[in-house]
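One structure is given below, encoded as structure tokens.
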Amino acid sequence: MSIRVLLVSLLSLSCTVLAAQETGIGGRTREVSGAKRLFIAADSLLYRYQHRDTYDPFYMERNLNRWAFCTRSNLSNNVLYTSGREGDDRFYSLLKTNEKFTQSFTVGYRSLYLSVGISPGIFYGRDNDDIEFSLASNGNRLGGEIMYQNADEYKGKAMLGDQTFAIPASATNTKTVDGNAYYVLNYRKFSISAATNQGYTQKKSAGSLIFSAAMKVGSSHISGIQEIGSPDIDLSYASFALGAGYGYNLVFRNMLMVHGSLRASLIVYNGGGVMSGEEKAKIPMSFPDFIINGNFAIVYPFRNYFTGLAVTLRDDTCGNTDDMFIDNFRYKANVFFGVRFGQ
């Protein structure tokens with residue numbers, strides 16, 4: 001639905017409901033309250049949007065209930081690998097954040113969904129200071145996600161020449177903005193939404209070619225290693241990529257669905273720089289490099305309920321292995337249970 005159509009529909013509904021009345025006992029009428037008129041207008045618009053004929057009902061069906069509720073238990077982690085040169089010596093580091101557990105709750109009304117996530121660690125003092133939030137839209141034809149992360153909890157080991165050193169969590173800070181978008185070619189028969197947010201149910205096995213775009217912008221600060229007097233290192237990087245992939249939903253007789261999809265986006269722009277002490281240098285380009293997104297899910301719908309598990313993976317690289325190379329890997333896994341109700 002385009003922005004223009006949406007605005008026109010909202011204006012038309014607003015004008016219509018301004019004159020709305022209810023018939024009371026004896027044929028008398030009474031004015032409908034402003035809040036109720038607005039709710040009727042919004043509900044009518046969402047109802048029509050929810051019942052659009054945009055898919056093949058032989059292959060999938062859309063959730064037509066008024067309400068939906070879902071809870072997810074999420075586990076995620078980031079791994080950052082770097083390699084390069086420090087003078088005449090080779091430098092390697094392998095850092096990762098602590099595994100992060102969150103519990104999220106989603107309430108859906110027609111086609112609108114609102115999610116809130118909490119980390120149980122905050123109730124007993126075990127949560128870290130990392131900040132992360134994301135905004136996502138998972139339609140059958142178009143969709144995407146943008147995520148911001150500020151991580152102070154990377155820790156691990158580094159090797160310079162023949163020496164190995166521990167890098168504590170307090171020595172690093174990484175800020176990143178990750179984004180990805182997709183377009184599904186066979187969207188009338190293949191439902192990617194059935195795997196991501198269970199807004200649809202896949203009834204018959206189908207697959208599709210998926211076009212994709214991805215971007216990454218970020219910066220990292222790594223404090224110097226005191227044992228050898230190495231300077232602080234500051235990195236900045238930006239990547240943009242275009243590509244394609246394939247997804248498939250395998251449906252069994254009991255409606256159990258297994259989803260798998262993989263998208264590889266070729267990096268068409270890769271830029272950034274590194275500052276080590278007073279020395280500045282550009283991060284060298286390498287070709288070909290990719291931003292890879294993978295998804296796996298098992299979904300089991302029964303009556304008005306649904307349950308399952310899902311795993312998402314993302315891997316992106318920057319630079320080359322001879323001078324300066326950065327590889328960032330992220331995974332997120334969750335198990336979920338939900339219910340739909342109301343007409």
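Heavy-atom basis, side chains included; hydrogens, waters and symmetry copies ignored. Along the sequence shown, residues are numbered consecutively beginning with 1.
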Side-chain contact, heavy-atom cut-off 4.5 Å: R263 with N295? yes

May I have all residue pairs that pass salt bridge (charged side-chain N to carboxylate O under 4.0 Å, His left out) and include part of residues 60-73, sequence neighbours excluded? D43-R66

Check whether any side-chain heavy atom of T71 lies under 4.5 Å from a side-chain heavy atom of Q103, and answer yes or no. yes

Residues which pass ring pair (Phe, Tyr, Trp, His ring centres under 6.0 Å) with Y109, listed by chain and number, not counting sequence neighbours: W67

Heavy-atom nearest pair, M255 first then V251, reads CA-CG1, 4.2 Å

Compare all side-chain heavy atoms of K155 with those of N98 and state whether any distance is below 4.5 angstrom. yes

I need the minimum non-hydrogen distance between F211 and L185, along with the two atoms involved. CE1-CD1, 4.2 Å

Is any side-chain heavy atom of Y200 closer than 4.5 Å to one of N140? yes

Heavy-atom pair of closest approach, residues I267 and T317: CD1-O, 3.4 Å

Smallest separation among heavy atoms of I292 and L262, with atom names: CG2-CD1, 3.7 Å

Could you report the tightest heavy-atom contact between Y237 and S220, atom names first, then the distance? OH-OG, 3.2 Å

Approximate separation, where rounding is to 0.5 Å, of I192 CD1 and I210 CD1: 4.5 Å

Is the shortest heavy-atom distance from the side chain of S265 to the side chain of S212 under 4.5 Å? yes

Here the gap from Q149 atom CD to S134 atom OG, rounded to the nearest 0.5 Å, amounts to 11.0 Å

Check: S219/S236 side-chain N/O donor and acceptor closer than 3.5 Å: no

For K96, all residues meeting side chain to side chain donor-acceptor pair (under 3.5 Å), sequence neighbours excluded: none

Between Y331 and F329, what is the ring plane arrangement, given parallel below 30°, perpendicular above 60°, and tilted in between? tilted

Hey, are the side chains of N173 and N150 touching, using non-hydrogen atoms and a 4.5 Å cut-off? yes

Please find the pair of heavy atoms, one from Y305 and one from F337, that lie closest to each other, and give the distance. CD2-CZ, 3.7 Å

Can you find a heavy atom in the side chain of T176 that is under 4.5 Å from one in the side chain of K216? yes

NZ (K203) and OG (S191) are apart, to the nearest 0.5 Å, by 12.0 Å

Looking just at side-chain N and O atoms, do R330 and N78 make a donor-acceptor pair shorter than 3.5 Å? yes

